[in-house]
Amino acid sequence: MEVFKIIIDWLSLLAIPLMIFVFIGYGYLKKVRVYEVFVEGAKEGFDVGVKIIPYLVAMLMAIAMFRASGALDVLTWLASPITNFIGMAPELLPMALMRPLSGSGSLGVMSELMSTHGVDSLIGFTASTMFGSTETTFYVVAVYFGAVGVRKTRYAISAGLMADAAGLITAVLISRLMF
């Protein structure tokens, strides 16, 4: 088990630098002016950022209303039989519920879990793994689909939520295995 953990630690350290070298190397092999293409993409990203502001404001307002109304607490209580079945600590449920809604909201929940339980705790380790293993499905659908004008999102939401469920369950199992 210790060897597996060492291998995962090394892969984690090397993943991002390797991806950068692979992308730059691939662009060099294809004779693409990588820096100029990067700058052009950054300009387009700014335009997209301006377009998504209304969707972002609507999403953040909905999340704030969800938390302030106490609905998150009710959902936490209702889902506790399921979390107990998969071995997830009940403290992690707000993270699991918030993650598909908002990256910044789930980051706030994760920060709260870290300050309460500690960074090196099983809850902190699992929350971090959950954060990295899932996507902000509703945020992506609301913002990015809205930016490009996609209106029919029924299948994208169900597929995204299934992927989030798989990521959450796997994060809990891997964290319990490695901690």
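Any value given below was found using the heavy atoms of this structure, including those in side chains, with hydrogens, waters and symmetry copies removed.
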Within a strict 4.5 Å, meaning less than it, do heavy atoms of the [X] and [Y] side chains meet?
X	Y	value
Asp120	Phe125	no
Pro100	Phe138	yes
Glu112	Pro94	no

Would you kindly confirm whether [X] and [Y] end up in one hydrophobic cluster when ILVMFWY residues are joined by side chain heavy atoms under 4.5 Å apart?
X	Y	result
Leu75	Trp77	no
Leu92	Phe85	yes
Leu78	Met98	no
Ile82	Met88	no
Leu14	Phe21	no

How many angstroms lie between atom [atom1] of [X] and atom [atom2] of [Y], to the nearest 0.5 angstrom?
X	Y	atom1	atom2	result
His117	Thr126	NE2	OG1	11.0 Å
Phe38	Ile24	CZ	CD1	9.5 Å
Met130	Ile123	CE	CD1	11.0 Å
Ser121	Glu91	OG	CD	9.5 Å
Leu161	Glu135	CG	CD	11.5 Å
Ser106	Leu113	OG	CG	10.5 Å

Show me the donor-acceptor pairs within less than 3.5 Å that the side chains of residues 172-179 make with the rest of the protein, sequence neighbours left out.
from: Ser175; atom 1: OG; to: Thr129; atom 2: OG1; distance (Å): 3.4
from: Ser175; atom 1: OG; to: Ala171; atom 2: O; distance (Å): 2.7
from: Arg176; atom 1: NH1; to: Gly87; atom 2: O; distance (Å): 2.9

Which pairs would a plain distance check flag for residues 25-33, meaning a side-chain donor or acceptor within less than 3.5 Å of a matching protein atom at least two apart in sequence or in another chain?
none

Search all heavy atoms of [X] against all heavy atoms of [Y] and return the closest pair with its distance.
X	Y	value
Thr153	Phe145	CG2-CD2, 3.4 Å
Met114	Ser128	CE-OG, 2.9 Å
Ala79	Leu93	CB-CD2, 3.6 Å

| request: Verify the neighbour count for atom CG of Asp47: are there more than 12 heavy atoms of other residues, nucleotides or ligands below 6.0 Å? | output: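 Buried by this count: over 12 neighbours within 6.0 Å.
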Side chain of [X], backbone of [Y]: donor and acceptor closer than 3.5 Å?
X	Y	value
Thr83	Ser80	yes
Arg99	Thr136	no
Ser111	Leu107	no

When the side chains of residues 6-13 are checked against the rest of the protein, which donor-acceptor pairs come out under 3.5 Å, sequence neighbours left out?
from: Ser12; atom 1: OG; to: Ile8; atom 2: O; distance (Å): 2.9

| message | When you compare the side chains of Asp164 and Thr137, does any donor N or O come within less than 3.5 Å of an acceptor on the partner? | response |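 Short answer, yes.
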